[in-house]
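First comes the structure, then the notes that go with it.
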Amino acid sequence: MPAPSSCRYCGIGHSDHFERWTTRAGWHQWTPPTQQQIKDRMLARRFARPTPG
Ligand SMILES: [Zn+2]
C-alpha cells in the first residue's frame, strides 16, 4: 500500500524513488500526487486489511 505522499505514477516514496520506469509514465522522477490521490490513498490505508501470508 503506497504512502499518501508517494509518487503520482508508481506509488514509491520520495526517498526511495530515484528514476523509475512504469508503463504509464515511462522514465520519470518522483512526482507529487494529486490531492485526490492523497485522499484516495488515505482512505485505502484506513480500510486496508492485512493480507494472509
Ligand atoms: Zn514514480
Side-chain angles (χ1 to χ4, degrees):
M1 184 62 63
S5 62
S6 55
C7 176
R8 177 185 306 196
Y9 300 116
C10 66
I12 294 170
H14 195 179
S15 59
D16 294 330
H17 195 285
F18 308 110
E19 287 206 328
R20 297 278 174 168
W21 190 88
T22 68
T23 51
R24 280 176 61 196
W27 284 108
H28 68 283
Q29 299 198 327
W30 183 87
T31 308
T34 64
Q35 288 299 310
Q36 187 61 52
Q37 278 184 306
I38 294 172
K39 285 183 187 173
D40 289 347
R41 286 171 175 174
M42 288 174 118
L43 284 173
R45 281 161 72 92
R46 181 175 301 172
F47 293 115
R49 290 178 177 81
T51 53

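One-based numbering, in listed order, for ligands and for the atoms of each. Numbering starts at 1 and runs along the sequence shown.
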What distance separates Thr31 OG1 from His17 NE2, expressed to the nearest 0.5 Å?
6.5 Å

So which protein N/O/S atoms does the Zn ion (ligand 1) have within less than 2.8 Å?
Cys7 SG, Cys10 SG, His17 NE2, His28 NE2

Correct closest heavy-atom pair for Arg41 and Ser6 would be NH1-O, 2.6 Å

Who are the side-chain contact (heavy atoms from CB on, under 4.5 Å) partners of Glu19, not counting sequence neighbours?
Trp27, Gln29

Does the plane of the ring in His14 sit parallel, tilted or perpendicular to the ring in Trp30? Use 30° and 60° as the thresholds.
parallel

If you look at every heavy atom in Pro33 and Ser5, which pair is closest and at what distance?
CD-O, 3.8 Å

Side-chain touch Gln37/Asp40, heavy atoms, less than 4.5 angstrom
no

